[in-house]
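Inspection log for the structure reproduced underneath, given as structure tokens.
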Amino acid sequence: MDIDRGQNLDEAISLVEKALSIDPDNASFLDSLGWGYYKKGIYARAVKELERAIAIDRGPTDSDTTRARTSVAPSVFAMPVAASRATIC
């Protein structure tokens, strides 16, 4: 997908959002949406979507991609999210 390459992010995010309108509890879609927001630098929204993916994707068939991305989310997102929150206040 273009999100992984950082290309056509707006279009890719739009397609993922359409997919989520059909299947709102799909952890893989939520993971892709979170990753897209991360690539765009929208860190707080990225964390929100990745946390939703984690909450859904807890069973024995966990997605390897979701587990890999979300296992590093706290350390990867800590500084950008803190910075984005500081600029919002």
Side-chain angles (χ1 to χ4, degrees):
M1 180 177 269
D2 288 340
I3 289 174
D4 287 332
R5 292 187 300 267
Q7 299 172 342
N8 303 317
L9 291 174
D10 291 330
E11 180 182 3
I13 287 171
S14 177
L15 290 172
V16 173
E17 288 172 338
K18 286 179 186 177
L20 281 166
S21 72
I22 297 167
D23 188 0
D25 293 326
N26 186 306
S28 293
F29 295 166
L30 290 166
D31 173 77
S32 293
L33 184 60
W35 196 238
Y37 286 133
Y38 175 78
K39 291 284 200 165
K40 285 190 68 164
I42 306 170
Y43 302 115
R45 184 78 187 267
V47 169
K48 176 184 171 190
E49 301 305 338
L50 289 170
E51 286 175 344
R52 286 178 57 202
I54 292 168
I56 292 169
D57 200 13
R58 294 275 186 197
T61 59
D62 286 352
S63 158
D64 290 337
T65 301
T66 301
R67 277 197 318 253
R69 288 185 182 151
T70 56
S71 68
V72 299
S75 60
V76 170
F77 296 135
M79 291 184 67
V81 170
S84 69
R85 288 182 182 148
T87 58
I88 292 172
C89 297

(message) salt bridge (Lys or Arg N to Asp or Glu O under 4.0 Å), that's the test. Do Glu49 and Arg52 meet it? Break it down for me.
(response) CA-CA 5 Å; Glu49 301 305 338; Arg52 286 178 57 202; 2.8 Å; yes
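With values rounded to the nearest 0.5 angstrom, Lys48 atom NZ is found 9.5 Å from Leu33 atom CG.
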Run the side-chain donor-acceptor check on residues 9-22: report pairs under 3.5 Å with partners two or more places apart or on a different chain.
| residue | atom | partner | partner atom | Å |
| --- | --- | --- | --- | --- |
| Asp10 | OD1 | Lys40 | NZ | 2.4 |
| Glu17 | OE2 | Tyr37 | OH | 2.9 |
| Ser21 | OG | Lys18 | O | 2.6 |

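The minimum heavy-atom distance linking Ala46 with Gly34 is given by the pair CB-O, 3.3 Å. Listed here is the closest heavy atom pair of Ile56 and Ala27: CG2-CB, 4.0 Å. Taking all atoms of both residues into account, the shortest heavy-atom contact from Ile3 to Trp35 is CG2-CD1, 3.4 Å.
Taking the side chain to side chain donor-acceptor pair (under 3.5 Å) definition, one finds that Asp25 meets it with nothing, sequence neighbours left out.
At least one side-chain heavy atom of Asp31 sits less than 4.5 Å from a side-chain heavy atom of Leu50.
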